Amino acid sequence: MNALRKTLLVTCVTAACMPAAHAEKFFSDSSISLLHSADYEAYGDRQEEDTVFTFENVTAHDWGGTFLFFDRNHGRGPDKGNDNVYGEFSPSLSLGWLTGNDLSFGPVKDVYLAGTYEYGGAPEQNNILTGFGLSWDLPGFQYFNTVGYYASNNSSAAGFSDPDNDWQLTVTWGSPFEVGPARFLFDGYMDWSTAEGDHASEMHFNPQFKLDLGNFTGNPGVLYAGIEYSYWNNKYGVGDDDIYGTESAVSALVKFHF
């Protein structure tokens with residue numbers, strides 16, 4: 001299993017780093033977001049106020065794509081100074097492109113290898129996830145993807161042992177729509193992971209609902225404003241509401257694409 005996971009991750013990363021002469025790029029997009037909420041779940045079953053800065057980059061190629069983001073939070077009030085950085089890098093490799101065959105069937109457009117590296121955050125994660133994904137062609141969605149991962153979990157936090165490895169299902173989507181002259185985007189993700197010997201099952205549902213402000217000035221897709229909702233059952237897999245309860249937080253959101 002370890003050899004297979006390493007092979008999958010190396011294959012995805014190799015594809016992500018291949019010279020441009022061997023691949024066709026469809027698009028690349030970077031963005032910076034600012035979020036603020038007073039409802040994030042904190043240690044000790046209490047809510048905390050945080051401002052979060054997020055950098056994201058996504059690329060799409062004929063061979064697959066990459067997604068990268070970093071979160072930097074700045075605690076407010078009693079949590080001032082309780083800051084950390086969390087990031088993920090997720091390359092994917094199209095098996096249709098790799099094999100030269102059309103792997104579409106029904107509403108499925110393609111099958112792909114997927115990997116994710118998770119780093120940082122409050123539990124100081126250092127996790128490697130590998131698996132397979134499906135890219136779906138669904139009405140009303142610009143994209144809709146599902147990935148099944150096996151997660152090799154590690155923590156470098158002092159006094160913490162490595163969490164047991166588990167399985168994870170990740171769903172990502174993007175659905176643009178218009179109401180009169182206004183353009184909106186409903187996108188986000190959902191992560192669900194299995195319970196293991198030392199942690200509970202957890203589910204994090206994280207949609208964003210945004211208004212395209214740039215569209216009113218002739219620059220669609222550049223500046224958005226809206227809200228993000230975070231529902232996180234068994235946050236960090238603790239499974240004890242006296243330590244970490246279920247997060248239900250609405251954040252104000254501004255996002256700039258470049």
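Everything numeric in this text was worked out from a predicted model, so none of it was measured.
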Verdict with reasoning, W232 to E202, per side chain to side chain donor-acceptor pair (under 3.5 Å): CA-CA 7 Å; W232 197 340; E202 58 182 305; 2.8 Å; yes
Under a 4.5 Å cut-off applied to non-hydrogen side-chain atoms, are [X] and [Y] in contact?
{"X": "V222", "Y": "F256", "answer": "yes"}
{"X": "Y86", "Y": "E118", "answer": "yes"}
{"X": "M203", "Y": "D191", "answer": "no"}
{"X": "L129", "Y": "Q168", "answer": "yes"}
{"X": "S30", "Y": "N57", "answer": "yes"}
{"X": "L93", "Y": "L98", "answer": "yes"}

Under 3.5 Å: donor-acceptor pair, side chain of D50, backbone of N73: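 No; zero donor-acceptor contacts below 3.5 Å.
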If you round to the nearest 0.5 Å, how far is [atom2] of [Y] from [atom1] of [X]?
{"X": "Y236", "Y": "S155", "atom1": "OH", "atom2": "OG", "value": "11.0 Å"}
{"X": "L95", "Y": "D110", "atom1": "CG", "atom2": "CG", "value": "7.0 Å"}
{"X": "N219", "Y": "T217", "atom1": "CG", "atom2": "OG1", "value": "4.5 Å"}
{"X": "T59", "Y": "K25", "atom1": "OG1", "atom2": "NZ", "value": "6.5 Å"}

Summary of side-chain hydrogen bond (donor to acceptor under 3.5 Å, both in side chains) pairs that have at least one residue in residues 176-190, sequence neighbours excluded: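 Sorted result for residues 176-190: D187-K210, Y189-H204, Y189-N206.
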Using a distance-only test with no angle check, is there a side-chain donor-acceptor pair under 3.5 angstrom linking [X] and [Y]?
{"X": "W167", "Y": "S193", "answer": "no"}
{"X": "N165", "Y": "N153", "answer": "no"}
{"X": "N234", "Y": "H199", "answer": "no"}
{"X": "T116", "Y": "S90", "answer": "yes"}
{"X": "T51", "Y": "H74", "answer": "no"}
{"X": "T54", "Y": "E56", "answer": "no"}

Let me check something: do [X] and [Y] share a hydrophobic cluster, defined by ILVMFWY side-chain heavy atoms less than 4.5 Å apart, either directly or through other members?
{"X": "V250", "Y": "L185", "answer": "no"}
{"X": "I128", "Y": "Y119", "answer": "yes"}
{"X": "F70", "Y": "V58", "answer": "no"}
{"X": "F186", "Y": "L211", "answer": "yes"}
{"X": "L134", "Y": "W63", "answer": "yes"}

Ring centre gap for F184 and F177 strictly below 6.0 Å: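 Yes; F177 has its ring centre under 6.0 Å from that of F184.
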Residues forming a ring-ring contact (aromatic ring centres under 6.0 Å, His included) with Y224, sequence neighbours excluded: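 So Y224 forms a ring-ring contact (aromatic ring centres under 6.0 Å, His included) with H257.
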Non-neighbouring partners of S37 that pass side-chain hydrogen bond (donor to acceptor under 3.5 Å, both in side chains), sequence neighbours left out: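 Checked S37 against side-chain hydrogen bond (donor to acceptor under 3.5 Å, both in side chains); zero matches.
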side-chain hydrogen bond (donor to acceptor under 3.5 Å, both in side chains) partners of T194, counting only residues at least two apart: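 Checked T194 against side-chain hydrogen bond (donor to acceptor under 3.5 Å, both in side chains); matches are E196.
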Member of T130, N127, N126 meeting the side chain to side chain donor-acceptor pair (under 3.5 Å) criterion with Y117: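 With Y117 as partner, T130, N127, N126 yield a single side chain to side chain donor-acceptor pair (under 3.5 Å), made by N126.
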Distance-minimising heavy-atom pair for [X] and [Y]:
{"X": "F216", "Y": "P181", "answer": "CE2-O, 4.0 Å"}
{"X": "S248", "Y": "Y229", "answer": "OG-OH, 2.8 Å"}
{"X": "D62", "Y": "S94", "answer": "O-CB, 4.2 Å"}

Salt bridge (charged side-chain N to carboxylate O under 4.0 Å, His left out) partners of K235, counting only residues at least two apart: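 Salt bridge (charged side-chain N to carboxylate O under 4.0 Å, His left out) list for K235, sorted by chain: E247.
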For a quick test of your reading: what N or O donor-acceptor pairs under 3.5 Å do the side chains of residues 138-148 make, sequence neighbours left out?
unit_1	atom_1	unit_2	atom_2	d
Y143	OH	W173	O	3.1
N145	OD1	S135	OG	3.4
T146	OG1	W136	NE1	2.9

Aromatic plane relationship, F69 with F67 - under 30° parallel, 30 to 60° tilted, over 60° perpendicular: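 Tilted.
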